[in-house]
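Here's the structure we're looking at; comments come further down.
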Amino acid sequence: MMKAPKVAFFDFTCCEGCQLQVANLGELLLELLDSIDLVEFRETMSERWDGVYDVAIVEGSITTPHDVARIRKIRERSKTLIAYGSCATIGGVNGMKNAFDLEEIKRYVYGESAKFFETLPTKPVHEVVPVEYFVHGCPVYQPEFLEVLKCALLGIPYHVPDVAVCVECKFNENVCFYERGITCLGPITRAGCNSWCINNGNICYGCRGMVSNPNEKGFLEVLRQYGISLEFLLRRMDMYNACRILKGAGMVYEEKRAH
Amino acid sequence: MEYAVLPKSALGSFVDALRQYGKVIAPVAKSERHFAFEEVTDARDIALKYIPTILPPKKYFMPQYETLAEYDIREGQKLYPVVEVEHIVLFGVHTCDLAGIQCLDVVFSDRPKDLNYLVRRGYVTIIGLECNEYCDQYASCGLMGTFLPQGGYDLFFTDLGDYFFVHVGTQRGEDIVANFSLFQRAESRHFWDLQLLRAKKAEIFRPEVPVDRFLLPRMFQEGFEAKVWEDVGNRCLSCANCTNVCPTCYCFDVKDVMNLDLRTGKRIRVWDSCQNEPFAKIASGESFRAERSDRKRHRFNRKFSYPVKRYNRFFCTGCGRCSRVCMAKIDLKETIAQLARETGYLKV
């Protein structure tokens, strides 16, 4: 067999919870370690590596000039780069910052020490350097991560499902939250997580980002029928999707805000 | 014995006895209004009065994820076919779902025959259960003529108060009856009870939309450019709920899943849906049905028009699941009615 590929994990603005998903793989982790040579992963080891990474797995979003410089360096040293977790793939919760004036929010967070911190609008990794693979989710769904990693190691594409979470939710025969009078972001959020949250009694928070072409106008009509306010929904969406430029519904929202 | 009766008090021990034929699967309540086919070990868990389950029984004939073959890339293109089977007994299948299974049988027996389906099919024993009244307002079994049993079962149960009237449909059904001592011979009073129920049902179950069922294929053909498709297309969220819960939707995607050793793996098929955005997308990025209206129209034609031409069979069983599950409240009966109005097929 060919030499085991060098794999490294890195984190930017995030909670490192997605990497914890790897550390928690259990026996699968041992199997995985037979196929790769793990050279950097600060959650589980203290060693460093100064060569070329075959696969760099990057968690977190890019939020400071230092982040920009560092991700560029990692990119230069990596043959393949995987954006890993919502913060890295869509900006995630860090995107909330973008709704505020940067100076203002910096003072809010750091108080008098704000002057020591440089900050930039939150960006997902692919808006700063090229990214080959995406593992969405907050946290990532372990089976999907393994699928993506296998594709990366084999050099074949991984297609993030561009269908609603409802698809997998129906596969799992869950009772729809809308039928129970509860708002869920499943209908506009892209699948791939096997409706993990709903299977466990929680709603979908939209952590994987939206499907590429959601029917926003149609969804507005659904919200109207169920008596859910647009503002409520957009706030809920903003939790993970604030980095996203809204189309139809966003315009309606902006108009409403303007009045 | 082509007809038999089973006292209701014997249901518990009958379900126990069924386990010798395989895992017993029956409708169980997931909430007051939601049911699912699941394994049961105690007949008391079976919901004898239930509205159509969230997923139809098709999940037992073509599972959501199904392994078709295994491979080892060191052996090149060689594939080892796999059929994962187990003996199961489906108890309590309504006539709409029996019709759905019959549709799947037709499709998967068509050339090229689908061996995975056909092999698995032989492992399933089916016991039907009659609906004495409408499940809810979404059903259209009156229009589709599926509220009475029309085969597709080994045994068929009709609840007639303190006993079940049982029709034996196959040799396997006959064996089950012969091997369980609590079945009794059906006598004329039992037939009389059944006839009374059927007469009552004929009064209740009427076409829910005033159209001629046999003209539906023509109506859909003539209504290809009807405005109704744009209307439902504007409302559709493309969540694919309608196709996933449909007892006759059988479209699937095939994927290779590599094992962590990166040498061995399996080829699986996964349910797919014409309502999903990428379904009809091709290599150039172009989609044959890019608009939701195109996709909605396609789904309806795949129920009321295309299969009638090809198989002489409607692929709508009137179960009402697609309407029940649609967040945008796209209702099958309303859609047909609207199309009928536009095309002039609505009876007045």
Side-chain angles (χ1 to χ4, degrees), chain A residues 1-2 4-5 25 27-36 143 146-147 149-151 153-156 159-180 184 186-191 194 211-223 225-226, chain B residues 29-38 53-56 59 63-65 73-74 231-246 253 255-263 265 270-273 275-279 281 287 290-293 321 324-330:
Chain A
M1 197 189 161
M2 50 178 208
L25 274 172
E27 277 182 34
L28 278 174
L29 182 58
L30 298 177
E31 216 181 304
L32 174 64
L33 291 173
D34 283 339
S35 303
I36 62 169
L146 291 174
E147 278 316 302
L149 184 61
K150 282 184 278 181
C151 288
L153 295 172
L154 290 164
I156 57 176
H159 299 285
V160 178
D162 194 12
V163 302
V165 168
C166 300
V167 171
E168 290 167 349
C169 196
K170 272 290 154 295
F171 283 14
N172 291 314
E173 213 165 2
N174 293 314
V175 175
C176 179
F177 271 111
Y178 282 83
E179 291 185 51
R180 292 190 254 168
C184 169
I188 45 170
T189 303
R190 60 186 151 218
N194 192 32
V211 290
S212 66
N213 181 24
N215 183 356
E216 290 181 1
K217 279 207 174 131
F219 198 55
L220 285 178
E221 181 55 25
V222 171
L223 294 178
Q225 282 176 12
Y226 284 85
Chain B
K30 290 193 90 166
S31 84
E32 255 175 58
R33 290 182 303 119
H34 299 93
F35 299 86
F37 278 103
E38 283 175 9
T53 48
I54 301 174
L55 289 182
K59 64 178 179 175
Q64 295 88 326
Y65 299 91
I73 55 170
R74 288 168 297 189
D231 292 348
V232 293
N234 286 339
R235 289 154 63 199
C236 174
L237 303 184
S238 304
C239 69
N241 277 354
C242 52
T243 54
N244 280 327
V245 302
C246 179
D253 196 4
K255 297 174 182 180
D256 285 352
V257 180
M258 200 63 121
N259 292 326
L260 268 175
D261 61 17
L262 301 183
R263 288 194 299 262
V270 188
W271 289 3
D272 204 348
S273 165
Q275 301 306 300
N276 287 336
E277 187 94 13
F279 185 81
K281 221 176 229 180
S287 174
E291 300 299 326
R292 288 182 170 82
S293 52
R321 283 187 178 87
R324 218 170 272 123
V325 84
C326 182
M327 271 168 289
K329 302 209 183 338
I330 296 171

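On a predicted model such as this, the values are computed, not experimentally measured, just so you know. These values consider heavy atoms only, across backbone and side chains, with no hydrogens, waters or symmetry-generated copies. Chain identifiers are assigned alphabetically (A, B, ...) following the order of the sequence lines, protein sequences preceding nucleic acid strands; residue numbering begins at 1 within each chain.
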Within-4.5 Å side-chain heavy-atom neighbours: A:Cys166 and B:Met327: yes
A:Glu173 and B:Lys30 ion-paired at < 4.0 Å: no
Spacing of B:Glu277 atom CD and A:Asp162 atom CG [to the nearest 0.5 Å]: 6.5 Å
Among B:Thr243, B:Asn276, B:Val270, residue most engaged with chain A (heavy-atom pairs, under 4.5 Å): B:Asn276
Top contributor to chain A interface from B:Met258, B:Lys59, B:Arg292 [non-hydrogen pairs under 4.5 Å]: B:Arg292
Proximity breakdown for B:Asn234 and chain A, heavy-atom pairs closer than 4.5 Å: backbone
Point-to-point distance, once rounded to the nearest 0.5 Å, from CD1 of B:Ile73 to CG of A:Leu154: 7.0 Å
Which portion of B:Phe279 sits near chain A, non-hydrogen atoms under 4.5 angstrom: neither
Over 12 foreign heavy atoms within 6.0 Å of NZ, B:Lys255: no
Minimum heavy-atom distance B:Val257-A:Glu147, with the two atoms named: CG1-OE2, 3.5 Å
Proximity breakdown for B:Arg324 and chain A, heavy-atom pairs closer than 4.5 Å: backbone
Inter-residue atom distance B:His34.NE2 - A:Cys176.SG, 0.5 Å rounding: 7.5 Å
Rounded distance (nearest 0.5 Å) linking atom CZ of B:Arg235 with atom CG of A:Leu220: 14.5 Å
Rounded distance [0.5 Å steps], CG in B:Leu237 versus CD in A:Glu221: 10.5 Å
Residue, of A:Glu179, A:His159, A:Arg180, that accumulates the most heavy atom pairs under 4.5 Å with chain B: A:Glu179
Most contacts with chain B, counted as non-hydrogen pairs under 4.5 angstrom, among A:Ile188, A:Val175, A:Leu146: A:Val175
Most chain A-contacting option - heavy-atom pairs closer than 4.5 Å, from B:Ser31, B:Ala36, B:Gly233: B:Ala36
Smallest separation among heavy atoms of A:Phe171 and B:Asn244, with atom names: CE1-OD1, 3.4 Å
Heavy-atom check, side chain of A:Lys150 versus side chain of B:Leu260, under 4.5 Å: yes
Side-chain heavy atoms of B:Asn259 within contact of A:Glu31, under 4.5 Å: no
A:Leu28 portion near chain B, given a 4.5 angstrom heavy-atom threshold: both
Most chain B-contacting option - heavy-atom pairs closer than 4.5 Å, from A:Ile156, A:Ile36, A:Val222, A:Leu32: A:Val222
Most chain B-contacting option - heavy-atom pairs closer than 4.5 Å, from A:Pro187, A:Pro161, A:Gly186: A:Pro187
Spatial distance of atom NZ (A:Lys170) from atom OG (B:Ser273) [nearest 0.5 Å]: 12.5 Å
Contact check, side chains of B:Cys239 and A:Val167, non-hydrogen atoms, under 4.5 Å: no
Heavy-atom contact with chain B under 4.5 Å, split by part of A:Phe219: both
